[in-house]
Amino acid sequence: MDPWSLIILRDVLIHNKRHYREFLASRENISTNILSARLLSLTEAGLLVKIEGDSNRAQTMYRPTQKALDLFPVVFSIMHWGLKYNPNTNMSIPIMQELTTNEKGLKQRLLRNFDDITS
């Protein structure tokens, strides 16, 4: 899995992003062609489900599958690694504070965003 795919999965799982425009607005400044390609590959890999909007493409959503939700421990491990080795990690972000003080509660809280997803 490439870094852009990990960033998209992070945005889906941690930041509950669902729409193309939300991914495009991420601080990493992913280009439109790379974003489109990665969303397609994540969908083809069974990690995301694309839900078409009723009236226009702007309503199209991407939701994680159970396969993606099972990556929470991996995403948290990468976040812990960043805390340990990346001196530029922004600890003022509430989710980073919660990761270090209540990881189990953080996972439970984030999983509630996906109550509609079943195995």
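Hydrogens, waters and symmetry mates play no part in the numbers below; they use all other heavy atoms, side chains included. Note that the coordinates shown come from a computational prediction; the quantities given were computed from them, not determined experimentally. All residue numbers refer to positions in the sequence shown, counting from 1.
Listed by chain and residue number, L83, M91 satisfy the side chain to side chain contact (heavy atoms under 4.5 Å, CB included) test with T100 (two or more places apart in sequence, or in another chain). Under the rule for a side-chain hydrogen bond (donor to acceptor under 3.5 Å, both in side chains), N113 has no partner lying at least two apart in sequence or in another chain.
Separation of atoms CG (L110) and CG (L106) is listed at 4.5 Å; rounding is to 0.5 Å. In this structure, the separation between CH2 on W81 and OG1 on T89 is 9.0 Å, given to the nearest 0.5 Å. To the nearest 0.5 angstrom, L39 atom CG is 11.0 Å from E44 atom CD.
Of all the heavy atoms in P64 and L48, the pair that sits closest is CA-CD2, 3.9 Å. Shown here for N102 and G105, the closest heavy-atom pair between the two residues is OD1-N, 3.0 Å. Here the shortest heavy-atom pairing between L24 and I30 reads CD1-O, 3.5 Å. Between K50 and T43, the shortest heavy-atom distance links the atoms N-CG2, 4.4 Å.
Ring pair Y62/F23 is perpendicular by interplanar angle, where above 60° counts as perpendicular and below 30° as parallel.
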* May I have the step-by-step check of side chain to side chain contact (heavy atoms under 4.5 Å, CB included) for E28 and R10, ending in yes or no? => CA-CA 12 Å; E28 289 83 10; R10 176 209 62 197; 2.9 Å; yes
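A single hydrophobic cluster is seen to contain both L13 and L111, as judged by linkage of ILVMFWY side chains at heavy-atom distances under 4.5 Å, directly or through other members. Hydrophobic clustering of Ile, Leu, Val, Met, Phe, Trp and Tyr side chains at less than 4.5 Å, counting indirect connections, keeps L40 apart from L47.
The main-chain N or O of A45 is found under 3.5 Å from a side-chain atom of K67 such that the two form a donor-acceptor pair.
Of the listed residues (I8, N33, L6), just one forms a side-chain contact (heavy atoms from CB on, under 4.5 Å) with R38, and that residue is I8.
Judged by distance alone, the side chains of E22 and H15 never bring a donor and an acceptor atom under 3.5 Å apart. T32 and Y20 share no side-chain donor-acceptor pair at under 3.5 Å.
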